[in-house]
Enquirer: 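Can you keep this structure in mind? I'll have questions shortly.
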There are 2 protein chains.
Amino acid sequence: MTGETYSIGELAKATGAKVETIRYYERIGLLPAPARTDGNYRSYTPAQLGRLSFIRRARDLGFSIGQVRALLGLSDQRDRSCEAVDAIAREHLDEVDRRIADLQALRRELGSVIDQCGCGTIAECRIIEALSPG
Amino acid sequence: MTGETYSIGELAKATGAKVETIRYYERIGLLPAPARTDGNYRSYTPAQLGRLSFIRRARDLGFSIGQVRALLGLSDQRDRSCEAVDAIAREHLDEVDRRIADLQALRRELGSVIDQCGCGTIAECRIIEALSPG
DNA sequence: TATGGACCCTGTAGCCGCTACAGGGTCAAG
DNA sequence: CTTGACCCTGTAGCGGCTACAGGGTCCATA
């Protein structure tokens, strides 16, 4: 057993999460409440550092807090099939694909509006015109 | 002069905005407060319908509320050069491009994580592994 | 004239995922 | 013994709505 512990600041540095974010994760029950020192400081174990790293990576991959919660739950049941994990990941992938498609459609529309601008006065501005009704 | 007026519900139907959203826009000063009927109902003019349509189209194109506010302000100064309009639109386009690029990078990473999954048990799941530290 | 239902009103709280205070306590170095 | 970096709790704010609760108004029908 390593007796190593970390303060919240050290945990933040190690994982790249902000101190406030770590406390937020604790508040919403994503990260279990750690032990406290005599001075009431949070004191984290290496296992908790690992858990936060997991959370960070999942968040960086765009998983929602709810999905992260589910993934964390699954990651503890080592004997189960990882189908559920796969399902969550694929669902998220689909969502990302949808968002990309939406943004690309938006980009096309926006681009074509901008291309029309001859940059004269507002009165003849095609961008304003494109937005205006009638 | 048309004496035509609209209730908030009619305005909502005509523009596709929700009633609550219209009230919200009024609250934040995006849409000016309309006249009221004897029964204290909001009563909108065609010009106000036009303004809301403008807002909706700009929002649909992904402009932020702040940008919409700026565009609305500019659209009233008909003699000014439309450079400022163009600048706002291009800035937004750049932002959209950045978001697309970010999502595409994310998509690649997520895709490669998912591809590794052999769908056995959680213990050997590559997705969980990819998220786990160490 | 009464009643029902569709509409409208205000005000407030919730969503997500943090972020930013304010107003204090703790701890180690000099 | 003071300074300054860190930590604590609690609350409010961001954007852009959305969703109530608890009422008022208006119009058609019985």
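Order of the sequence lines fixes the chain letters, A, B, ..., with proteins taken first and strands second; residue numbering starts at 1 for each chain.
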Enquirer: Return the 5'-most residue of the pair B:K13, B:R42 with respect to DNA chain C, ranking by each residue's nearest nucleotide.
Expert: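 Checking each residue's closest nucleotide, the 5'-ward one belongs to B:K13.
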Enquirer: Residues from residues 62-71 of chain B sitting under 4.0 Å of DNA chain D, heavy atoms only?
Expert: B:S64, B:I65
Enquirer: When you compare the side chain of B:I65 with that of B:R69, does any pair of heavy atoms fall below 4.5 Å?
Expert: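 Answer yes - side chains close enough.
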Enquirer: Could B:E10 and B:K13 be called an ion pair, given the rule that one side-chain N must be under 4.0 Å from one carboxylate O?
Expert: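 The answer is no: the pair does not qualify as a salt bridge.
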Enquirer: Counting C-beta onward and ignoring hydrogens, is there a side-chain heavy-atom pair between B:T15 and B:I55 closer than 4.5 Å?
Expert: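 The answer is no; the side chains never approach within 4.5 Å.
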Enquirer: If you take all heavy atoms of A:T37 and A:S43, which pair is closest and at what distance?
Expert: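 Here A:T37 and A:S43 meet closest at CG2-CB, 4.1 Å.
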Enquirer: What pairs with B:F63 under ring-ring contact (aromatic ring centres under 6.0 Å, His included), at least two apart in sequence or on another chain?
Expert: B:H92
Enquirer: Under 4.0 Å, heavy atom to any atom of DNA chain D: which of residues 16-34 of chain A qualify?
Expert: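 Result for residues 16-34 of chain A: A:R23, sorted by number.
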Enquirer: May I ask you to decide whether A:R23 forms a salt bridge with A:E20, counting only side-chain N to carboxylate O separations under 4.0 Å?
Expert: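 A salt bridge is absent here (no side-chain N lies under 4.0 Å from a carboxylate O).
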Enquirer: Do A:F54 and B:I128 come within less than 4.5 Å of each other through their side chains, counting heavy atoms only?
Expert: yes
Enquirer: Donor-acceptor pair, distance only, cut-off 3.5 Å: does the side chain of A:R57 make one with the backbone of B:S132?
Expert: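 Such a contact is found between A:R57 side chain and B:S132 backbone.
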Enquirer: Mind checking which nucleotides bracket the chain A contacts on DNA chain D, 5' to 3', with an atom under 4.0 Å from a heavy atom?
Expert: D:dC6 to D:dT9
Enquirer: Give the table of side-chain donor-acceptor pairs shorter than 3.5 Å for residues 99-114 of chain B, with sequence neighbours excluded, one pair per line with atom names and distance.
Expert:
from   : atom 1 : to     : atom 2 : distance (Å)
B:R107 : NH1    : A:D97  : OD1    : 2.8
B:R107 : NH1    : A:D97  : OD2    : 2.8
B:S112 : OG     : B:E109 : O      : 3.1

Enquirer: Does the side chain of A:L49 reach to within under 4.5 Å of the side chain of A:L11, using non-hydrogen atoms?
Expert: yes
Enquirer: Taking the side chain as everything from C-beta on, heavy atoms only, tell me whether B:Y25 gets closer than 4.5 Å to B:R51.
Expert: no
Enquirer: Judged by each residue's nearest nucleotide on DNA chain C, which is more toward the 5′ side, A:N40 or B:Y44?
Expert: B:Y44
Enquirer: End-to-end bend of the helix from C:dT1-D:dA30 to C:dG30-D:dC1 (five-pair axes, 10° rounding)?
Expert: 30°
Enquirer: Taking side chain as C-beta onward, heavy atoms only, is B:R78 less than 4.5 Å from A:T121?
Expert: no
Enquirer: Considering non-hydrogen atoms only, spot the tightest contact between A:S64 and A:R59 and give its length.
Expert: CA-NH1, 3.7 Å
